[in-house]
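Reviewing the structure listed below.
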Amino acid sequence: MKKKLVSVLMCAAMTATVLAGCGSSSTTTTTDTSSADTSAADTSASNAAETTAATEAAADASADASASGDVLTIGFAQVGHESDWRTASTNSCQTVFTAENGYDLQFVDCDNDSAVQIEAVRGFIEQDVDYIIIDPIVSTGWDTVLTECEDAGIPVIVIDRTIDDSDKYVSWVGSNFKTEGLAAGEWLKAYAELKGIEDINVLVIEGSTGASATIGRTDGFKEIADREGWTILDSQNGDFTQAGGQEVMESYCKSYEGQFNVVICQNDNEAFGAMDAMKNAGVSYGVDGDVILVSFDACTAGLEYVLSGDINADFECNPLAAPFVEEVIQTLEAGGTPEKEVYMSEHWFVNEDILSSITVDGEEQELTVVDQAVVDAQY
């Protein structure tokens, strides 16, 4: 560490994170939406409250830093701009790591190219930045460049997706993607039982190949599917984009016509594309349709479709990591040791008020029924 800020205390929100269930392309679809009856959820603004607590604590530290005249240079190698989730993640960092807060943010959009991302990190090393934030496009191939960061004395903080072949970073801040997949599976099991649906035939639209979010969600859902004896007809890569989701779903509608009753999309943008494809193919979906549609991320647009009944359930991945990342940085600046893993609390959102909770890995977890207040409180 080269420049030091004044010492600060770490906010309690950092240690109160909860282990639970995680890009800008257009979200415009031709899907019709209609209002669906929903129940108000007490937890509608809990993510916002937690993030606000972390932001306020870090803001005090930033004010001290700004007053002292010290500036920390932060290099951020972002995955890209493939989805609403990714845009929210980028905005979170750009809002927190400002000149007014005592930072110089060097931001690189890597456009989903892992080679570009590695070179971006090397560029930050050459710039001699104080800290590097990485949202890794893929989970492997990192040890060499992280060793270079370590040799240069630059702490690395990983957010969102994980790095599997190196531990040469100070902290990771994000979600448990396998838990998200498990939660989707457990919800589907309980929902199907209540609806009297005995045969489950699933089509999966995966995220980007090699991404830890893709791996975790795929493995978690498959674990439940295998346990319950469900049929996964196909699982293909939609690259976390609306165009990718539509392309895969168009192919599915032709290849598996009349054979599927569940579609799992590994983020909201893929779900928007899948909705367009199914509508064009004359396939009904959602609460009143023939196909159960499940999504991940739970961005505002995604929850709007849960509210309308087009998406049955949406499993949140919180993109607002920057305040928690700043707390890691402030802990290091104060000479402390941050937690190696920081899990952000998240929620499982549904349209119908027929289930209050599900059990995931032996733990009871609440379901949030979406109403307009829930939508308005989301990122």
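Just so you know, these numbers use all the heavy atoms, side chains as well, and skip hydrogens, waters and symmetry mates. For reference, positions follow the sequence shown, starting with 1.
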So if you build clusters from Ile, Leu, Val, Met, Phe, Trp, Tyr with side-chain heavy-atom gaps below 4.5 Å, do [X] and [Y] land together?
| X | Y | value |
| --- | --- | --- |
| V116 | W142 | no |
| Y169 | V138 | no |
| W230 | I292 | yes |
| I74 | V328 | yes |
| V287 | V306 | no |

For the side chain of [X] and the backbone of [Y], is there at least one donor-acceptor N/O pair under 3.5 Å apart?
| X | Y | answer |
| --- | --- | --- |
| E148 | R122 | no |
| R161 | S212 | no |
| D361 | E363 | no |
| N280 | D276 | yes |
| D104 | T73 | no |

Check: So does D288 have more than 12 non-hydrogen atoms from other groups sitting under 6.0 Å from CG?
Finding: no

Checklist line | Whether over 12 other heavy atoms sit under 6.0 Å from E257 CD | finding: no

Find out whether [X] and [Y] are in side-chain contact, i.e. whether some heavy atom of one side chain is under 4.5 Å from a heavy atom of the other.
| X | Y | result |
| --- | --- | --- |
| W187 | Q365 | no |
| L146 | D143 | no |
| I354 | Y191 | yes |
| V262 | L188 | yes |
| E304 | S308 | no |
| V170 | Y131 | no |
| D314 | Y305 | no |
| C93 | V325 | no |

Margin query: Exactly one of N112, D297, D160 should register a side chain to side chain donor-acceptor pair (under 3.5 Å) with R86. Which one does?
Written below: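 Testing R86 for a side chain to side chain donor-acceptor pair (under 3.5 Å) against N112, D297, D160 leaves exactly one candidate, D160.
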
Item checked: S295: which of N312, N269, D310, D268 passes side chain to side chain donor-acceptor pair (under 3.5 Å) -> D268

Notebook entry, point to check: Is it true that F296 and F177 have ring centroids separated by less than 6.0 Å?
Noted result: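 No.
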
Does the plane of the ring in [X] sit parallel, tilted or perpendicular to the ring in [Y]? Use 30° and 60° as the thresholds.
| X | Y | value |
| --- | --- | --- |
| W348 | F315 | tilted |
| Y256 | Y252 | perpendicular |
| Y343 | W172 | perpendicular |

Item checked: Under-4.0 Å salt bridge between D167 and K340 ->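 Answer for the salt bridge query: no.
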
Notebook entry, point to check: Where do L182 and N176 land on the side chain to side chain contact (heavy atoms under 4.5 Å, CB included) test, with the steps shown first?
Noted result: CA-CA 10 Å; L182 290 169; N176 190 317; over 6 Å; no

I'd like to know if the side chain of [X] pairs up with that of [Y] as donor and acceptor (distance under 3.5 Å, no hydrogens or angles considered).
| X | Y | answer |
| --- | --- | --- |
| Y379 | E316 | no |
| Q266 | T218 | yes |
| Q246 | E250 | yes |
| T140 | D164 | no |

Find the distance between [atom1] ([X]) and [atom2] ([Y]) and round it off to the nearest 0.5 Å.
| X | Y | atom1 | atom2 | value |
| --- | --- | --- | --- | --- |
| D84 | T300 | CG | OG1 | 8.5 Å |
| S284 | D290 | OG | CG | 3.5 Å |
| M344 | S175 | CE | OG | 7.0 Å |
| L303 | H347 | CG | NE2 | 11.5 Å |
| D135 | Q78 | CG | CD | 5.0 Å |
| F324 | S92 | CZ | OG | 9.0 Å |

Over all heavy atoms of both residues, which pair between [X] and [Y] is shortest? Give the atoms and the distance, please.
| X | Y | result |
| --- | --- | --- |
| I232 | A225 | CD1-CB, 3.9 Å |
| L320 | A88 | CD2-O, 4.1 Å |
| Q117 | V79 | NE2-N, 4.1 Å |
| A120 | V108 | CB-CG1, 3.9 Å |
| A190 | L355 | CB-CD1, 3.8 Å |
| L307 | V370 | CD1-O, 3.5 Å |

Can you list, pair by pair, the side-chain donor-acceptor contacts under 3.5 Å of residues 197-208, counting residues two or more places apart and other chains?
unit_1	atom_1	unit_2	atom_2	d
E206	OE2	S235	OG	2.5
S208	OG	D239	OD1	2.7

Item checked: Derivation of the side chain to side chain contact (heavy atoms under 4.5 Å, CB included) call for E327 and V342 -> CA-CA 11 Å; E327 291 211 13; V342 179; over 6 Å; no

Next item on the list: Give every residue pair that meets the salt bridge (Lys or Arg N to Asp or Glu O under 4.0 Å) criterion with at least one member in residues 219-235, sequence neighbours excluded.
Entry: K178-E223, E186-R227, K222-D226

